[in-house]
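What you see is a predicted model; the values in this text were computed from it and never measured. Chain identifiers are assigned alphabetically (A, B, ...) following the order of the sequence lines, protein sequences preceding nucleic acid strands; residue numbering begins at 1 within each chain. Basis for what follows: all heavy atoms, side chains included, without hydrogens, waters or symmetry-related copies.
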There are 2 protein chains.
Amino acid sequence: MTEPSRPRRGENLDITHKRGKPTLRTIATIAGLAVTTVSRALSDAPQISLETRQRVHRIAREIGYLPDRAAQRLKTGRTNVIAILLDSHEEVVGFSTSIMYGIAKALKETSYHLVVAPNFLSTTDVEAAEYIVRNHLADGLIFTRTEPLDARVRLLFETGFPFICHGRTEFSTPHPYVDYDNFTFAYEATRRLIAKGRRKVAVILPPKRLTFCQHILHGFMTAVREAGIAYEIPETVDLDTPADVLRDCICSRAAAPDAPDGFICPGEVSALAVISGMSDAGRTLAVDYDIVAKETSRLLTQLQPKVDTIHEDLTAAGEDLGRMLLQRINNPDAEDLHLLLPPQINFPIG
Amino acid sequence: MTEPSRPRRGENLDITHKRGKPTLRTIATIAGLAVTTVSRALSDAPQISLETRQRVHRIAREIGYLPDRAAQRLKTGRTNVIAILLDSHEEVVGFSTSIMYGIAKALKETSYHLVVAPNFLSTTDVEAAEYIVRNHLADGLIFTRTEPLDARVRLLFETGFPFICHGRTEFSTPHPYVDYDNFTFAYEATRRLIAKGRRKVAVILPPKRLTFCQHILHGFMTAVREAGIAYEIPETVDLDTPADVLRDCICSRAAAPDAPDGFICPGEVSALAVISGMSDAGRTLAVDYDIVAKETSRLLTQLQPKVDTIHEDLTAAGEDLGRMLLQRINNPDAEDLHLLLPPQINFPIG
DNA sequence: GCAAAAATTTAAAACGTTTTCATTCCTCGA
DNA sequence: TCGAGGAATGAAAACGTTTTAAATTTTTGC
């Protein structure tokens with residue numbers, strides 16, 4: 001072992017640079033090394049001797065060196081940013097927030113950050129995605145509320161831009177996604193109503209253009225047909241219908257003799273609206289009718305009488321989305337990643 | 001008028017650069033100008049002749065030039081990013097999302113983007129802010145849920161980092177903020193209950209460490225004292241208490257003979273929990289007791305019987321926050337900016 | 001011992017802007 | 001006709017990093 005090499009005399013002059021902020025050059029000067037070597041040492045490149053690597057790391061820590069993201073970005077072309085398209089629909093139960101929490105969790109300890117790009121400011125939903133891609137504002141993109149033939153999926157696929165979506169499409173090529181098993185949600189929800197003795201069930205569907213509307217419809221219809229009972233699908237309202245309109249609709253329908261006595265509500269607001277509308281019509285929950293609702297919060301669990309709920313954990317979904325997008329960015333040719341999250345059913349099934 | 005100068009022969013050779021993406025140099029080559037001139041023309045610097053400016057702009061548009069943010073950022077030291085600290089408390093009614101929408105609205109048409117920094121990943125709330133400042137991740141910071149002596153405010157003030165918060169502090173120096181007039185909310189809410197004939201009112205307070213808790217308390221107490229009626233302030237629960245715990249608390253209190261017959265609920269979830277808890281105790285809304293609630297959504301307006309609400313428009317607040325932070329960034333020495341937003345009262349006052 | 005190979009380290013160019021300072025080209029007054 | 005002064009443009013350096021290719025030192029094989 002020779003004694004550790006140290007800065008030769010007279011080399012550590014120009015320590016403090018222009019604006020005091022330590023850079024690679026600062027470290028290089030202190031250590032008596034070339035900037036190149038320092039850069040390599042910090043990024044743990046293989047050719048650097050262990051001793052040098054350790055020394056550089058130590059100095060960096062001591063003087064509080066932080067790499068300049070702008071310079072890294074300029075040089076490498078990587079932004080270290082992933083973006084999420086904030087959707088324009090009424091976000092009453094913190095849909096986006098929950099997902100963002102999950103994503104942020106997955107991004108922790110990485111060098112990535114999350115920027116939000118609200119697509120409600122663009123005229124079409126694909127425009128916001130296009131903006132991200134063209135301006136290279138991020139290395140990857142996450143978005144929600146997919147449609148069967150989603151213009152965003154096509155755009156991103158064509159441009160080879162890394163992405164993952166919450167929800168599936170029918171895009172011919174398989175694409176990465178995280179989705180919730182809405183078929184099972186609707187299937188088990190419907191069976192629950194039937195098990196409770198309800199004989200005419202209705203479902204509030206999401207807007208028809210969204211893929212998961214089909215999944216819910218499919219689950220619903222499967223259970224209904226298996227049991228051979230009556231059903232109803234309101235045509236004039238959907239999950240995005242303002243709550244008061246939905247309430248009025250439910251209320252006027254409830255007056256008729258052949259009104260449904262069971263409701264599937266894939267969201268908190270729709271559940272409240274249905275309860276409210278039925279109440280207007282003089283019907284009592286758990287007596288005259290039942291509800292099974294999907295909730296992403298814990299809002300409904302406190303209602304009285306208790307509503308049967310199936311939970312969707314959006315933060316967990318966000319965490320998967322973030323994790324899988326990072327994989328995708330670092331290895332675009334990896335085999336296709338997708339995930340179907342199981343519903344958490346808060347009532348006895350069987 | 002001489003004929004417009006045009007690229008001299010043989011100068012427009014190296015149009016397409018390395019990776020096809022047009023840069024200032026591409027434009028310069030096409031226009032037969034220096035990169036410097038093009039840069040100035042695009043940023044509408046004064047010394048450039050009108051004709052050159054227009055020509056450069058036209059070429060830029062034609063070839064689809066987009067400035068490289070990383071290079072701009074490296075050179076100028078400005079990130080063109082503002083950050084918002086996502087708070088860790090249960091976001092059941094889309095608090096952050098609404099604010100972010102507003103901010104994004106204010107940022108549209110500017111060159112700024114919004115990144116979210118969840119502070120729930122740090123151990124202390126000031127840590128996330130520190131991280132932003134130290135890594136120079138943004139040019140300005142927005143955060144919510146301020147405390148009277150807020151460590152974030154102090155940190156940002158000391159470092160001279162531009163910021164604005166949603167809510168006030170008691171920091172000795174005046175600081176920029178957007179706040180909601182919670183005094184008036186509580187005052188008018190309490191008066192409404194009294195006007196309805198209620199004789200013992202209670203208020204669910206926010207966590208005591210938050211500044212706006214004091215404002216609500218003050219408004220409440222003022223109205224109560226003016227009317228000289230009884231009141232009650234639950235000590236063991238607050239606005240962040242899980243809904244089921246709050247419900248149980250309300251329920252057990254409702255059993256006593258001296259239970260309150262009026263409640264101020266500064267949030268949707270607490271309102272639902274109170275209704276639910278009272279219902280457990282056999283009390284009927286609008287008959288045995290009344291509620292006045294603050295809502296940031298339209299969730300409660302559909303309840304039956306109707307609950308009196310006072311609305312807080314968080315998207316509008318976000319828009320103000322964004323706008324004012326930008327002002328702050330561009331002119332740090334501008335006189336102090338603050339804004340107190342009036343409650344929107346959805347019942348007749350008098 | 002000596003050339004070749006391996007292990008380290010380094011110089012220099014590049015990423016795409018902005019900015020400082022110089023240069024050119026007019027116009028105009030004396 | 002000359003130079004001053006202003007308007008318009010340009011050359012070059014700089015921001016802080018990564019990367020290519022080359023240089024240096026050390027190790028190895030024989």
Per-pair distances, 0.1 Å, donor-acceptor, side chain in residues 59-66 of chain A, under 3.5 Å, sequence neighbours excluded:
none

Rounded to whole Å, how long is the line connecting atom CD1 of A/Ile27 with atom P of C/dT9? 15 Å

Would you jot down, in residue-number order, the residues of residues 35-50 of chain A having a non-hydrogen atom under 4.0 Å from DNA chain C? A/Thr36, A/Thr37, A/Arg40, A/Gln47, A/Ile48, A/Ser49

Which residues pass the salt bridge (Lys or Arg N to Asp or Glu O under 4.0 Å) test with A/Arg323, not counting sequence neighbours? A/Asp320

What's the closest nucleotide to the side chain of A/Leu33 if the choices are C/dT17, C/dT10, D/dT17? C/dT10

Whole Å only: how far is the NZ atom of B/Lys75 from the C1' atom of D/dG16? 11 Å

With sequence neighbours left out, write down each residue that passes side-chain hydrogen bond (donor to acceptor under 3.5 Å, both in side chains) with B/Asn80, or none if nothing qualifies. B/Ser111

Does B/Thr52 have a side-chain nitrogen or oxygen under 4.0 Å from the phosphate oxygens OP1 or OP2 of D/dT9? yes

For A/Ser43, enumerate each residue passing the side-chain hydrogen bond (donor to acceptor under 3.5 Å, both in side chains) test, keeping only those at least two apart in sequence or located in another chain. none

Applying salt bridge (Lys or Arg N to Asp or Glu O under 4.0 Å), name anything that partners B/Glu130, two or more places apart in sequence or on another chain. none

Which protein N or O atoms sit under 3.5 Å from an N or O of nucleotides 24-26 of chain C?
none

Write out all pairs satisfying salt bridge (Lys or Arg N to Asp or Glu O under 4.0 Å) with one or both partners inside residues 64-75 of chain B, taking only residues at least two apart or from two chains. B/Lys21-B/Asp68

Residues forming a ring pair (Phe, Tyr, Trp, His ring centres under 6.0 Å) with A/His175, sequence neighbours excluded: A/Tyr177

Can you tell me how far P of C/dT18 sits from CZ of B/Arg78, to the nearest Å? 9 Å

So which nucleotide from D/dT18, C/dT17, D/dG16 ends up closest to the side chain of A/Thr23? D/dG16

Taking ring pair (Phe, Tyr, Trp, His ring centres under 6.0 Å) as the test, write out the residues that go with A/Tyr131, two or more places apart. none

side-chain hydrogen bond (donor to acceptor under 3.5 Å, both in side chains) pairs touching residues 134-143 of chain B, sequence neighbours excluded, are B/Thr79-B/Asp139

How far does the helix from C/dG1-D/dC30 to C/dA30-D/dT1 bend, going by the axes of its first and last five pairs, to the nearest 10°? 50°

Can a side chain N or O of A/Gln72 be found less than 4.0 Å away from OP1 or OP2 on D/dG16? no

Rounded to whole Å, please give me the gap between CG in A/Leu74 and P in D/dG16. 12 Å

